[in-house]
Trainee: 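Got a structure here, written out as structure tokens. Questions coming.
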There are 2 protein chains.
Amino acid sequence: MTNTEPSPGLAGARPTKQRLAVARILDTFDDFRSAQEIHTLLAGAGENVGLATVYRTLQRLAEAGELDVLRTEDGEAAYRRCSDTHHHHLVCRSCGATVEIEGPAVERWTETISAEHGYSDVSHSLEIFGTCASCKQ
Amino acid sequence: MTNTEPSPGLAGARPTKQRLAVARILDTFDDFRSAQEIHTLLAGAGENVGLATVYRTLQRLAEAGELDVLRTEDGEAAYRRCSDTHHHHLVCRSCGATVEIEGPAVERWTETISAEHGYSDVSHSLEIFGTCASCKQ
DNA sequence: GCCGACTTGACATTGATTCTCAACGGCATT
DNA sequence: AATGCCGTTGAGAATCAATGTCAAGTCGGC
């Protein structure tokens with residue numbers, strides 16, 4: 001029997017050299033990085049992956065829930081690997097350090113609110129930006 | 001005595017024709033509109049205000065807290081007049097209808113969390129996107 | 001090894017936002 | 001009312017992330 005479930009961490013996509021490279025680089029950091037940054041990181045690691053491919057791959061992974069996406073305060077998308085539970089982030093504005101946060105209360109709250117107003121098909125985004133202790137001084 | 005407090009709704013900026021036009025148009029809708037849309041609305045109203053000026057004005061007003069800003073799911077900034085209390089939004093993905101939401105609990109929660117992790121200078125963004133009742137069917 | 005379907009990458013393009021800088025317009029002063 | 005200072009404007013160029021294009025390359029099964 002052939003294994004129908006291909007390489008892990010790739011959302012079922014063909015495990016091409018490029019996608020593997022992206023998947024690998026994602027393990028080397030644990031804060032949020034923009035697609036452009038990731039592209040540069042790859043180049044620095046000797047892996048020449050086209051920018052478009054990086055975008056495509058990140059998007060696919062994000063859709064598949066393999067990655068967290070967030071919009072920085074100036075509107076760029078940033079990615080990182082995430083645990084599979086739904087959660088939010090506390091992000092340092094200057095160094096990018098991230099803390100994963102769970103807020104069951106918030107989840108319930110948003111659901112109640114949207115139901116109350118007749119909204120369905122609801123998604124929400126909650127990000128907290130601040131300056132972390134070490135960047136403070 | 002000279003009135004030190006200039007025109008209202010302009011964040012203390014000089015009340016130029018352009019700024020007044022922007023301020024006025026903001027009163028004609030109560031959902032979120034992108035800068036570009038606002039620019040077009042102005043043009044449609046016969047007020048020819050430069051795009052750059054629209055951007056500058058909106059930014060200034062937003063900074064002054066006269067406007068709410070939010071990032072749509074695809075990263076564009078959208079604006080609208082807001083009440084002066086801090087709050088969040090429940091936005092319809094398809095028609096843009098907006099409900100203003102207050103969540104003292106969330107405010108407290110974010111503050112506690114960030115303090116817990118040593119983050120200071122904290123701001124947060126919480127938006128809920130969904131499909132409103134009328135767009136549902 | 002061969003083939004069709006899926007991927008890639010270099011490049012062009014879009015679209016929002018910001019920058020530049022000379023011309024302009026408030027406004028306090030004379 | 002005229003003057004000068006300084007903030008403001010606008011047209012276009014410049015940025016920059018993100019997406020589209022399409023021919024060339026690659027994967028995996030047969």
Side-chain angles (χ1 to χ4, degrees), chain A residues 1-25 32-43 45-64 67 69-79 96, chain B residues 1-25 32-43 45-64 67 69-79 96:
Chain A
M1 50 176 167
T2 328
N3 189 348
T4 336
E5 218 46 51
S7 316
L10 281 182
R14 269 192 199 171
T16 65
K17 194 171 22 195
Q18 291 83 343
R19 300 219 251 245
L20 289 170
V22 172
R24 213 175 314 122
I25 207 94
F32 283 90
R33 298 299 171 87
S34 72
Q36 310 267 350
E37 267 182 296
I38 292 174
H39 177 242
T40 305
L41 283 176
L42 282 166
E47 312 262 25
N48 269 74
V49 181
L51 182 56
T53 302
V54 172
Y55 272 100
R56 282 185 293 238
T57 305
L58 290 175
Q59 256 167 0
R60 176 184 290 240
L61 290 177
E63 261 171 49
L67 292 185
V69 202
L70 76 74
R71 294 265 165 197
T72 61
E73 284 186 325
D74 49 297
E76 292 169 43
Y79 303 83
Chain B
M1 55 187 165
T2 329
N3 190 349
T4 336
E5 216 48 50
S7 316
L10 280 181
R14 271 192 200 169
T16 64
K17 195 170 22 195
Q18 293 82 342
R19 300 219 251 245
L20 288 171
V22 171
R24 213 174 315 121
I25 207 93
F32 283 89
R33 298 299 171 87
S34 71
Q36 309 268 351
E37 267 182 296
I38 292 174
H39 177 241
T40 305
L41 283 176
L42 282 167
E47 313 262 23
N48 269 73
V49 181
L51 183 54
T53 303
V54 172
Y55 271 100
R56 281 185 293 239
T57 305
L58 291 175
Q59 257 168 359
R60 174 185 291 240
L61 291 177
E63 261 171 49
L67 293 184
V69 202
L70 76 74
R71 293 268 164 195
T72 60
E73 285 186 325
D74 49 297
E76 293 170 42
Y79 303 83

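Model, not experiment: these values are computed from the prediction.
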Trainee: What one-letter contact string describes nucleotides 6-11 of chain D from 5' to 3', where B marks a base within less than 4.0 Å of any protein heavy atom, S marks contact via sugar-phosphate atoms alone, and - marks no contact?
Mentor: BBSBBB
Trainee: In whole angstroms, how far is the P atom of C/dA16 from the CZ atom of A/R71?
Mentor: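 Answer to the nearest Å: 13 Å.
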Trainee: Below the 4.0 Å mark, does D/dA18 have OP1 or OP2 next to a side-chain nitrogen or oxygen of A/Q59?
Mentor: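 It does not, given that no N or O in the side chain of A/Q59 lies less than 4.0 Å from OP1 or OP2 of D/dA18.
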Trainee: Write down the distance between CG (A/D74) and C1' (D/dA17), rounded to a whole number of angstrom.
Mentor: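 So the two atoms are 11 Å apart, to the nearest Å.
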Trainee: Is the shortest side-chain N to carboxylate O distance from A/R24 to A/E47 below 4.0 Å?
Mentor: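 Result for this pair is yes, salt bridge flagged.
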Trainee: Can you tell me if the side-chain N/O atoms of A/Y55 get under 4.0 Å from OP1 or OP2 in D/dA18?
Mentor: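 For D/dA18, OP1 or OP2 has a side-chain N or O of A/Y55 closer than 4.0 Å.
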Trainee: Quick one: OH on B/Y79 to CG on B/L67, what's the gap to the nearest 0.5 Å?
Mentor: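 Atom-to-atom, B/Y79:OH and B/L67:CG are 8.0 Å apart.
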Trainee: Could you give the CD-to-P distance, from A/E76 to D/dT15, as a whole number of Å?
Mentor: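 After rounding, the reported distance stands at 16 Å.
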Trainee: With a 4.5 Å cut-off on side-chain heavy atoms, are B/I25 and B/I38 touching?
Mentor: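 Yes. Closest side-chain heavy atoms under 4.5 Å.
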Trainee: I need the full list of salt bridge (Lys or Arg N to Asp or Glu O under 4.0 Å) pairs touching residues 54-64 of chain A, with sequence neighbours left out, sorted by first then second residue.
Mentor: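 As it turns out, there is no salt bridge (Lys or Arg N to Asp or Glu O under 4.0 Å) pair with a partner in residues 54-64 of chain A once direct neighbours are skipped.
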Trainee: Check the distance between C/dG15's C1' and B/H39's NE2 and give it to me in whole angstrom.
Mentor: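 My rounded result for the distance is 15 Å.
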Trainee: With sequence neighbours left out, write down each residue that passes side-chain contact (heavy atoms from CB on, under 4.5 Å) with B/S34, or none if nothing qualifies.
Mentor: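 side-chain contact (heavy atoms from CB on, under 4.5 Å) list for B/S34, sorted by chain: B/Q36, B/E37, B/E76.
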Trainee: Knowing that exactly one of A/T57, A/V54, A/V49 qualifies, which makes a side-chain contact (heavy atoms from CB on, under 4.5 Å) with A/Q18?
Mentor: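 Among A/T57, A/V54, A/V49, the one that satisfies the side-chain contact (heavy atoms from CB on, under 4.5 Å) with A/Q18 is A/V49.
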Trainee: Taking CD from A/Q36 and C1' from D/dC16, how many angstroms apart are they, rounded to a whole number?
Mentor: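 It works out to 7 Å between those atoms.
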Trainee: For B/L58 and C/dA16, what is the distance between atoms CG and P respectively, to the nearest whole Å?
Mentor: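 Going from B/L58 (CG) to C/dA16 (P), I get 14 Å.
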